[in-house]
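Computed from heavy atoms alone, side chains included, the values below leave out hydrogens, waters and symmetry copies. Lettering follows sequence order; numbering is per chain, from 1.
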Amino acid sequence: MDKIQKKLFKSLPADALSSVAAIIVGLFAGFVILLLSNPSQAPGGFWAILSGGFSDMKSLGQVLYFATPIIMTGLSVGFCSKTGLFNIGASGQFIVGGYMAILVGVKCAFLPGALHWIAALLAAVAAGALWGAVPGLLKAYCNVNEVIACIMMNYIGMYFVNYIVTLTVFDSTQNRSQTPAASAIIPKMGMDLVFRDGNNISSANSGFFLAALAAIVIYIILEKTVFGYELKACGFNTDAARYAGINERRGVVYSMLIAGALSGLGGALLYLAGSGNGITVVDTLAAEGFNGIPVALLGLNNPIGIIFAGLFISYLTVGGFNMQLFNFAPQVIEIIISIIIYFSAFALLLKGIIQNIAKRGGGKK
Amino acid sequence: MSIIYFLVQQTMFFSIPLLIVALGGMFSERSGVINIALEGIMIMGAFAGILFINIFQGALPGQPVLIIALIIAAAAGMITALPHAYASINMKADQVISGTAINMFAPAVAIYVARIIRTVQQIPFVNQFRIEKVPVLGSVPVLGELFFQNTYITTYLGFAILVVSWLALYKTPFGLRLRSCGEHPQAADSVGINVYSMRYAGVMISGALAGIGGLVFVIPTSTNFNATVSGYGFLALAVLIFGQWKPGRILMAAFFFGLMKAVASSYSGIAFLKDIPIPSNFYKMAPYVATLVVLAFTSRKSMAPRAEGIPYDQGSR
């Protein structure tokens with residue numbers, strides 16, 4: 001036991017180091033792009049990216065607000081990766097969760113007080129779990145590749161939500177869903193008083209704490225329970241897991257189901273944040289689902305790491321808004337993030353090499 | 001009859017790009033590399049091609065501009081696919097990660113560059129490529145109206161690519177080598193086939209075809225390019241799997257998906273479909289639901305290339 005712990009601590013810096021290396025490469029590439037497009041404004045624009053999130057308390061609040069949904073989808077993707085599955089379906093799970101939250105938020109105003117928003121969150125969790133369970137079941141019992149099934153479920157979810165929004169909670173003047181009742185909005189818990197710049201109030205709310213709580217729960221499930229251990233065992237080696245008497249089919253279904261629930265909760269936390277967000281009826285997949293992938297990769301699929309990765313990406317996003325003052329398009333941020341993802345794929349390899357060398361060195365002694 | 005002609009012509013607009021891109025994906029996957037980046041590559045191909053058309057369409061006549069634009073789109077697609085090939089072949093990285101990165105990178109770059117050049121992200125173009133009626137063939141009754149009127153050269157390009165792909169894959173040494181690298185790279189290596197270069201060839205062909213497919217998708221269905229191909233790259237991936245990685249079946253899958261898309265986009269103009277109370281979103285959903293159902297029944301004996309997604313390591317057994 002002691003040995004394992006030592007090994008964990010040893011591998012942690014290498015892990016973190018590879019993420020940091022990918023981030024540095026990505027940021028550097030971003031700076032080069034800014035330099036190429038407008039040399040005179042580039043340093044100012046780049047500084048806006050780097051410092052944007054800390055420029056005032058409102059920006060900091062926005063960082064927490066934008067981080068909340070992508071931490072949830074990041075957890076969803078990361079949890080699946082730990083169990084050997086790639087959940088690219090967070091987008092569909094996210095939007096059906098968001099829809100259920102809005103539906104309960106608009107239609108169930110009879111629920112008293114806090115019960116209303118809690119019911120809305122639970123409905124979202126259930127819908128997301130259902131959407132995640134479908135690829136899980138198909139994978140477990142029909143051997144369908146979960147990546148393809150998830151992509152299909154993304155589009156089915158998007159079109160289905162577009163259809164059902166127009167039937168149930170449609171605000172035709174804005175071509176999007178109606179605003180949920182005030183009692184369905186997640187409590188601010190004083191965050192609107194802390195994270196503000198004069199009268200300029202940020203959208204921060206206690207949803208961030210719920211996301212952090214979810215991360216801790218997932219951490220405990222993965223690291224401290226037999227159930228989590230079994231799921232991880234399936235991820236490491238399915239055959240070995242089956243040989244050890246673990247029901248790997250059940251594992252696949254449960255891990256997709258939990259991943260779906262996490263993404264669904266993410267949708268609820270965004271649309272019940274009280275910031276005037278609604279589901280717009282357009283044929284575009286929810287970006288938050290895809291943004292969970294870089295968050296999970298940067299956080300090395302570790303639930304606690306994912307909180308920080310989500311905050312980091314959100315920080316860059318807020319910096320990107322501020323950078324527009326220097327006449328740069330905010331897409332630079334997406335370019336930077338995509339380059340970070342690309343190099344994080346290498347970083348995993350790099351880490352493997354480092355560990356191999358370390359192992360060989362240890363063996364010789 | 002005119003409704004059927006209209007529907008067939010519309011179906012062509014949606015099916016041909018799916019066909020081309022799915023065939024591209026086929027080359028990559030049969031060589032053993034999953035190419036989830038098709039969407040991003042399509043966007044880059046369409047972006048480069050449309051940008052060229054936007055600049056040169058006044059100076060040159062319609063069809064030559066389109067042909068040069070197609071070549072540019074293919075080149076742009078290959079350039080975009082190159083980092084994916086490098087990551088998944090040389091660096092042995094997770095093929096899904098670099099594909100995801102490219103899918104995120106491509107629209108961002110397309111918008112960013114468009115905004116630098118034109119200050120807005122849309123790139124308009126004049127559709128001067130439509131062929132009202134192909135000479136001689138267009139006058140043939142029924143067939144002429146179905147396939148040779150209100151069409152584009154890209155439609156015939158799509159069928160040409162299909163035939164060439166089939167020949168290349170099944171009737172040439174190159175095709176046999178490519179397929180062997182996707183099934184059992186160690187065995188291929190043992191008889192002197194360079195697995196790395198075959199996989200590079202597969203990914204590069206998929207890049208070229210996906211780039212072309214991006215442009216082919218945008219031209220008949222729009223008059224400006226807005227850094228999106230509406231998820232067609234992912235749909236092509238579904239077509240590829242629906243078609244079980246085989247050219248003939250890919251053709252059928254592409255036409256099934258294309259028909260559904262055509263119905264979804266134009267059903268309100270078709271009297272007998274308008275009377276059936278099915279909302280357009282259901283037609284839009286149909287290809288995806290159908291794919292899931294078919295996959296559920298066929299995946300047990302999946303025809304997927306056996307070494308797909310597994311980086312080739314000479315040292316492993």
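- A:N87 and A:S76 share a side-chain donor-acceptor pair at under 3.5 Å.
- At least one side-chain heavy atom of B:I43 sits less than 4.5 Å from a side-chain heavy atom of B:F225.
- For A:F343 and A:F28, the ring centers sit 6.0 Å or farther from each other.
- Environment of OH in B:Y196: crowded, with over 12 heavy atoms of neighbouring residues, nucleotides or ligands closer than 6.0 Å.
- A distance-only check finds no donor-acceptor pair linking the side chain of B:T11 to the backbone of B:A262 [under 3.5 Å].
- At distances below 3.5 Å, at least one donor-acceptor pair connects side-chain atoms of A:Y342 with backbone N or O atoms of B:P83.
- Within the 4.5 angstrom heavy-atom criterion, no atom of A:P135 approaches chain B.
- Interface check for chain B: of the options A:A287, A:A329, A:A149, the most heavy-atom pairs under 4.5 Å are formed by A:A329.
- Heavy-atom pairs under 4.5 Å with chain A were tallied for B:A108, B:S230, B:P279; the largest tally goes to B:A108.
- Neither the backbone nor the side chain of B:F297 has a heavy atom closer than 4.5 Å to any heavy atom of chain A.
- With sequence neighbours excluded, the residues that form a ring pair (Phe, Tyr, Trp, His ring centres under 6.0 Å) with A:F46 are A:F31.
- Among B:Q121, B:M285, B:R115, B:H84, the residue with the largest count of heavy-atom pairs under 4.5 Å with chain A is B:M285.
- Looking at A:Y99 and A:T168, their side chains do bring a donor and an acceptor atom within 3.5 Å of each other.
- Listed for the B:N54 side chain is a donor-acceptor partner under 3.5 Å among the backbone atoms of B:P124.
- Using a 4.5 Å cut-off between heavy atoms, A:N291 contacts chain B through its side chain alone, with no backbone atom that close.
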>> Under the criterion salt bridge (charged side-chain N to carboxylate O under 4.0 Å, His left out), I'd like the reasoning laid out for B:K284 against A:D283: C-alpha separation, chi angles, the key distance, then a yes or no.
In response: CA-CA 10 Å; B:K284 289 180 185 168; A:D283 290 358; 2.9 Å; yes
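- Between the side chain of B:R249 and the main chain of B:A253, no donor-acceptor pair closer than 3.5 Å is present.
- Using a 4.5 Å cut-off between heavy atoms, A:Y163 contacts chain B through both its backbone and its side chain.
- Residue contact with chain A, scored on non-hydrogen atoms closer than 4.5 Å, involves the backbone and the side chain of B:V109 alike.
- Between chain A and the residues B:L235, B:I102, B:V289, B:T228, the most heavy-atom pairs under 4.5 angstrom are made by B:V289.
- Looking at A:I333, neither its backbone nor its side chain comes within 4.5 Å of chain B, counting heavy atoms on both sides.
- The contact list for residues 22-36 of chain B toward chain A, using heavy atoms and a distance under 4.5 Å, reads B:I36 by residue number.
- B:I241 touches chain A through its side chain: at least one heavy atom from C-beta onward sits under 4.5 Å away, while N, CA, C and O do not.
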